[in-house]
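Structure, as structure tokens:
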Amino acid sequence: MQARSESIRKQGKRIAFVPTMGFLHEGHCSLLKKGRVLGDDLVLSIFVNPTQFGPGEDYDAYPRDMEKDLQLAEREVVDAVFTPSREELYGSNFQTGIELEKLPNHLCGLSRPSHFQGVALVVTKLFHIVKPHVAIFGEKDYQQLAIIRQMVRDLDFDIQIEGGAIVREKDGLAMSSRNAYLSAEQRKTALCLFQALQKARKAVAQGETDTAKIINDMAFFIQSHPDTEIDYISICDPQTLDSVDRIQKSVLLALAVKVGKTRLIDNMILSP
Ligand code: AMP
């Protein structure tokens with residue numbers, strides 16, 4: 001992969017890169033479409049990264065379908081698909097990590113303590129292997145995108161980072177590989193994340209600025225659905241992810257909710 005990337009670079013071409021864990025959906029495809037425009041050579045990686053899963057999380061159960069993924073990659077005119085094995089990336093004597101400060105101490109980082117260290121590590125490795133000029137990440141994983149932007153700035157990676165808007169199902173549920181875990185009943189319930197975000201957006205549009213009230217109303221709404229357990233609902237600064245009490249400028253509203261055993265996340269920027 002490194003030799004290929006080196007040769008593409010020598011031809012003066014721009015490499016665009018979309019890292020994923022596979023089980024591709026239209027959310028991933030939207031990032032590939034963006035990459036197709038931003039680069040001359042488009043690389044997709046598919047790797048279910050063990051270091052970003054905590055104990056008891058769904059690493060083994062994570063959905064995989066390489067055949068369908070490769071069909072989608074072809075449809076999106078991807079030039080190369082990088083599908084390393086766990087052994088190839090981490091081997092038996094792996095001993096290096098990336099330390100992150102501040103940004104992981106919010107949102108998903110609180111209930112998934114080493115998750116973003118694992119993400120930063122695999123993204124760093126993939127960057128060194130794929131050697132992209134530009135990499136595209138989804139805004140659905142808002143905190144992940146923020147942490148990667150920070151890491152790229154802090155560690156002087158010569159890579160442009162681009163975000164892609166959240167792609168939703170027709171009814172509004174944010175697309176996610178993990179939606180495949182949901183039963184028909186849970187799939188209906190899962191819509192309450194997006195509906196709660198919309199309710200909050202409406203309240204803010206009507207002049208509500210008290211974040212505690214907005215969060216309480218959202219929690220009440222979500223808890224009225226069966227089989228739900230709220231991990232967090234947060235209204236925070238879009239850059240630092242620090243909580244805010246009053247909405248005076250654009251804020252990030254982000255939430256994570258378990259529907260049955262499936263942990264779903266979603267977010268929206270709210271402007272007063
Ligand atoms: P994953 O395979 O879940 O690790 O996701 C790979 C990339 O796709 C990440 O940058 C995600 O943020 C992005 N992504 C996942 N779901 C969506 C979505 N519904 N809309 C936009 N981007 C997404």
Side-chain angles (χ1 to χ4, degrees), residues 16-38 42-54 57-59 61-66 68-70 72-73 76 78 81-84 86 89 103 107-109 112 115-127 130 132 134-152 159-182 187 190-191 193-194 197 252 254-257 262-269:
F17 176 43
V18 177
T20 76
M21 297 207 298
F23 212 70
L24 303 182
H25 50 66
E26 291 304 317
H28 299 113
C29 292
S30 73
L31 304 183
L32 291 170
K33 288 190 171 75
K34 203 160 175 171
R36 194 63 276 173
V37 174
L38 291 169
L42 177 58
V43 179
L44 159 72
S45 69
I46 298 174
F47 179 63
V48 183
N49 174 40
T51 65
Q52 71 189 70
F53 288 80
E57 289 187 355
D58 56 344
Y59 173 73
Y62 197 82
R64 293 159 168 93
D65 188 345
M66 191 57 84
K68 179 164 169 257
D69 287 352
L70 293 179
L72 277 179
E76 297 302 334
V78 168
V81 186
F82 181 52
T83 61
R86 181 179 182 156
L89 279 205
L103 285 175
L107 311 179
C108 293
R112 307 186 73 190
H115 170 67
F116 290 112
Q117 269 79 6
V119 169
L121 178 61
V122 80
V123 167
T124 297
K125 285 170 66 64
L126 291 170
F127 280 176
V130 175
V134 53
I136 306 105
F137 294 84
E139 285 164 6
K140 164 150 182 289
D141 298 271
Y142 188 99
Q143 187 174 17
Q144 167 173 284
L145 175 58
I147 286 172
I148 287 161
R149 283 191 199 284
Q150 184 73 38
M151 178 179 82
V152 162
I159 299 173
Q160 175 190 343
I161 303 299
E162 290 290 331
I166 300 178
V167 177
R168 299 179 178 283
E169 301 287 356
K170 276 202 184 75
D171 62 2
L173 175 69
M175 287 193 184
S176 163
S177 308
R178 287 193 169 97
N179 291 348
Y181 295 142
L182 301 170
R187 170 65 185 77
L191 193 54
L193 278 82
F194 178 61
L197 289 173
L252 172 72
L255 78 170
V257 177
T262 307
R263 190 175 175 282
L264 302 175
I265 57 171
D266 204 343
N267 70 79
M268 202 176 261
I269 296 286

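First listed ligand is number 1; within each ligand, the first listed atom is number 1.
For ligand 1, the atoms closer than 4.0 angstrom to any heavy atom of Ile166 are 20 (N), 21 (C). In the vicinity of Pro19, heavy-atom distances shorter than 4.0 Å reach the ligand 1 atoms 6 (C), 7 (C). Near Ala165, meaning under 4.0 Å from one of its heavy atoms, ligand 1 places the atoms 20 (N), 21 (C). Remark: ligand 1 atoms within the under-4.0 Å shell around heavy atoms of Asp141 are 11 (C), 12 (O). Near Phe137, with a cut-off below 4.0 Å to any heavy atom, the atoms of ligand 1 are 10 (O). Near Gln144, the atoms of ligand 1 lying under 4.0 angstrom from a non-hydrogen atom of the residue are 9 (C), 10 (O). Close contacts of ligand 1 with Met175, meaning ligand atoms under 4.0 Å from a residue heavy atom, involve 16 (N), 17 (C), 18 (C), 19 (N).
When all heavy atoms of Arg178 and Thr262 are compared, the closest pair comes out as O-CG2, 3.5 Å. Nearest heavy atoms, Arg112 versus Glu57: NH2-OE1, 2.7 Å. When every heavy atom of Ser177 is checked against every heavy atom of Gly22, the shortest pair comes out as OG-O, 3.3 Å. When all heavy atoms of Leu126 and Ser45 are compared, the closest pair comes out as CD1-OG, 3.8 Å.
Ion pairing between a basic and an acidic side chain is recognised when a charged N comes within 4.0 Å of a carboxylate O; Asp58 and Arg263 show no such pairing.
Using a distance-only test at 3.5 Å, with no hydrogens or angles considered, a donor-acceptor pair links the side chain of Asn179 to the main chain of Ala174. A donor-acceptor pair is defined here as one N or O able to donate and one able to accept, closer than 3.5 Å; no such pair exists between the side chain of Lys140 and the backbone of Arg168. A side-chain donor-acceptor contact under 3.5 Å links Gln143 to the backbone of Cys108. Checked by atom type and distance alone, the side chain of Asn267 never pairs as donor or acceptor with a backbone atom of Leu252 at under 3.5 Å.
The distance criterion of under 3.5 Å between nitrogen or oxygen atoms is not met by Gly164 with respect to ligand 1. Geometrically, ligand 1 and Leu31 share no nitrogen or oxygen pair separated by less than 3.5 Å. Here's the thing with Thr20: none of its N/O atoms is less than 3.5 angstrom from an N/O atom of ligand 1.
In this structure, His25 is part of the shell of residues with a heavy atom less than 4.0 angstrom from ligand 1.
Among His28, Lys140, Glu26, the residue whose heavy atom lies closest to atom 1 (P) of ligand 1 is His28. In this structure, of Tyr62, Tyr142, Phe47, the residue bringing a heavy atom nearest to atom 3 (O) of ligand 1 is Tyr62.
Atom 20 (N) of ligand 1 has as its closest protein heavy atom Val167 N, 2.9 Å. From the protein, the heavy atom lying nearest to atom 4 (O) of ligand 1 is Met21 CG, 3.6 Å. Annotation: atom 22 (N) of ligand 1 to nearest protein heavy atom, Gly138 CA, 3.6 Å.
Counting only heavy atoms from C-beta outward, the side chains of Phe127 and Phe17 approach each other to under 4.5 Å.
Contacts between Val18 and ligand 1, counted as non-hydrogen atom pairs separated by less than 4.0 Å, are absent for every part of the residue. Neither the backbone nor the side chain of Ser176 comes within 4.0 Å of ligand 1, counting heavy atoms alone. With a heavy-atom cut-off of 4.0 Å, Arg168 does not touch ligand 1 at all.
The CD atom of Glu169 sits 5.5 Å away from atom CZ of Arg187, with the distance rounded to the nearest 0.5 Å. In this structure, Phe23 CZ and His28 NE2 are separated by 10.5 Å, a value rounded to the nearest 0.5 Å.
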